[in-house]
Amino acid sequence: MLIRKAPQIKSSEITSEADYLDRRSFLAKAGLAAAGLAGASPVIAAVASDPGASGRVLENVSESPLSLDEAPNSWRDVTTYNNFYEFGTGKEDPSRYAGSLVTRPWQVKVSGECDQPGDYNLEDILSPHALEERVYRLRCVEAWSMVIPWVGFPLADLLKRFQPNSDARFVRFRTLYDPGQMPGQRRRILDWPYVEGLTIEEAMNPLAFMAVGVYGRELPNQNGAPMRLVVPWKYGFKSIKTINAIHFTRTRPRTSWEASAPREYGFYANVNPNVDHPRWSQASERIIGSGLFAPRRKTEMFNGYAEQVAHLYQGLDLRRNF
Ligand SMILES: Nc1nc2c(c(=O)[nH]1)N[C@H]1C(S)=C(S)[C@@H](COP(=O)(O)O)O[C@H]1N2
Ligand SMILES: [Mo]
């Protein structure tokens, strides 16, 4: 399959021209050398000069042709406006309460229809993978979006190492279950632990990404440390955080949101402006960080990635399989 560069939506269409030019020159001039980031992308460089940024700087991060050519949201937007119900349902709860989560040492259990199952140490999961930056728009099912510069590696590269067999039609991912560390799990908002899943074809698509960082630094806990999925053509809830189990299976997994409200959240959860949520329109989205009176943005089919992923859904009624 031919992979083209992600659609080029000029940032000038979503911010004013002047803001856009300012932002660009800011990015270009940002202090690379000062932060020991010589060779980093402009986006990574930008964060080096953001006084609010924290976390270990990741080395040898390459740029990707699959990145959006758009200025990302601020470090502050990305790390304080979060959904992570294990730490509460308020947008600022995760940044307030996730700090104490212990993500080292960390193990990931790999099981099911594959030839290399086992309990893997995080270091062994991560070490073979070269890191790249992927700037993607995250479109939440709640009808808002922001642009985030993730760091990680293609999900397919990780999954192939476990050698899924021909019965592996789906992959299921699970978040840590530990109510001691994740106080939100003491309330039965969801049937914990958080579970998500993809078809094997979706998981192997080059856009599907395993993130270990954001803005050139290790992921803050509130963003899903030590590793989380990013599936940019689907609603944000598919991008499961703080993963400690991967399971290959013949049958479609029962995912947390689908189980809790099957009329509202489907297994596929592809971004689709033509299929409304039962309680609100999905035709447009609020741009986080753009101010109270900023115009909304029109939601794009598959969040702008139709060219790369529409073939995965040929013959599927996207209204019924929402
Ligand atoms: N384990 C877990 N993963 C999760 C969630 C969650 O509550 N728990 N929220 C999801 C939702 S609804 C969204 S929009 C994204 C938000 O990711 P971010 O906070 O890094 O932007 O994470 C997704 N992954
Ligand atoms: Mo979301």
Side-chain angles (χ1 to χ4, degrees), residues 55 72-99 101 103 106 108 134-152 172-179 181-185 187-198 208-215 217-246 253 255-261 264-266 269-271 277 279-280 282 285-289 299 303:
N73 276 78
S74 67
W75 169 270
R76 196 186 149 82
D77 289 342
V78 171
T79 62
T80 63
Y81 189 93
N82 300 106
N83 276 333
F84 199 168
Y85 278 19
E86 284 85 340
F87 295 99
T89 54
K91 295 292 183 250
E92 294 190 3
D93 288 341
S95 55
R96 276 195 204 123
Y97 304 123
L101 174 70
T103 61
W106 192 264
V108 180
R134 293 276 181 101
V135 182
Y136 284 155
R137 174 173 292 100
L138 178 93
R139 171 48 160 94
C140 178
V141 74
E142 297 162 340
W144 53 262
S145 69
M146 59 175 118
V147 176
I148 304 182
W150 302 107
V151 178
R172 187 180 74 200
F173 302 88
R174 202 179 62 199
T175 297
L176 172 71
Y177 178 69
D178 184 348
Q181 290 200 78
M182 295 177 143
Q185 290 177 335
R187 293 172 54 203
R188 303 202 49 188
I189 308 160
L190 286 174
D191 188 7
W192 310 109
Y194 197 102
V195 169
E196 258 309 334
L198 298 170
F209 199 61
M210 188 64 88
V212 297
V214 69
Y215 260 121
R217 293 174 186 263
E218 244 169 32
L219 275 180
N221 288 349
Q222 62 266 33
N223 292 95
M227 65 175 200
R228 59 87 55 85
L229 220 56
V230 184
V231 192
W233 70 95
K234 294 178 178 285
Y235 290 123
F237 69 84
K238 299 293 291 183
S239 293
I240 180 173
K241 296 177 170 180
T242 310
I243 294 168
N244 76 349
I246 299 175
T255 63
S256 291
W257 280 106
E258 191 187 13
S260 83
E264 304 195 359
Y265 309 103
N270 292 311
V271 174
H277 186 277
R279 291 183 281 133
W280 58 82
Q282 294 291 24
E285 64 211 41
R286 187 164 55 93
I287 303 167
I288 299 301
T299 292
N303 203 22

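We count ligands from 1, going down the list as the structure has it; atoms in each ligand are counted the same way. Since the model is a prediction, treat every value here as computed from it, not as a measurement. The chain is numbered in sequence order, starting from 1.
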key: For ligand 1, the portion of Trp192 having any non-hydrogen atom under 4.0 Å away   = neither
message = Test of understanding: given a 4.0 Å heavy-atom threshold, classify the contact between Phe84 and ligand 1 as side chain, backbone, both, or neither.
response = both
Glu86-ligand 1 polar pair, N/O distance under 3.5 Å = yes
Distance filter under 4.0 Å to Trp150 heavy atoms, resulting ligand 1 atoms = 20 (O)
ask   = For ligand 1, which atoms, with element, lie under 4.0 Å from some heavy atom of Cys140?
value = 14 (S)
query = Looking at Phe237, which atoms of ligand 1 are within less than 4.0 Å of one of its heavy atoms?
reply = 10 (C), 11 (C), 12 (S)
query = Given that the side chain starts at C-beta and the backbone is N, CA, C, O, which of these parts of Met146 lies under 4.0 Å from ligand 1, counting heavy atoms, or is it both or neither?
reply = neither
ask   = Can you name the side-chain hydrogen bond (donor to acceptor under 3.5 Å, both in side chains) partners of Arg279, sequence neighbours left out?
value = Glu264
request  = Provide, to 0.1 Å, the distance between atom 3 (N) of ligand 1 and the closest protein heavy atom, together with that atom's residue and name.
outcome  = Lys241 N, 3.1 Å
key: Polar proximity ligand 1 side, Asn83 side, N/O cut 3.5 Å exclusive   = yes
inquiry  = Considering both backbone and side-chain atoms of Trp144, is one of its nitrogen or oxygen atoms within less than 3.5 Å of a nitrogen or oxygen in ligand 1?
reply    = no
task = Of the side chain and backbone of Val141, name the one, both, or neither that has a heavy atom under 4.0 Å from an atom of ligand 1.
result = neither
ask   = Among protein heavy atoms, which sits nearest to atom 21 (O) of ligand 1, and what does the distance come to when rounded to 0.1 Å?
value = Leu138 CD2, 3.5 Å
N/O separation below 3.5 Å, Tyr85 to ligand 1 = yes
request  = Check Glu92, Gln222, Lys91 against Tyr81 for a side chain to side chain contact (heavy atoms under 4.5 Å, CB included) and give me the one that passes.
outcome  = Lys91
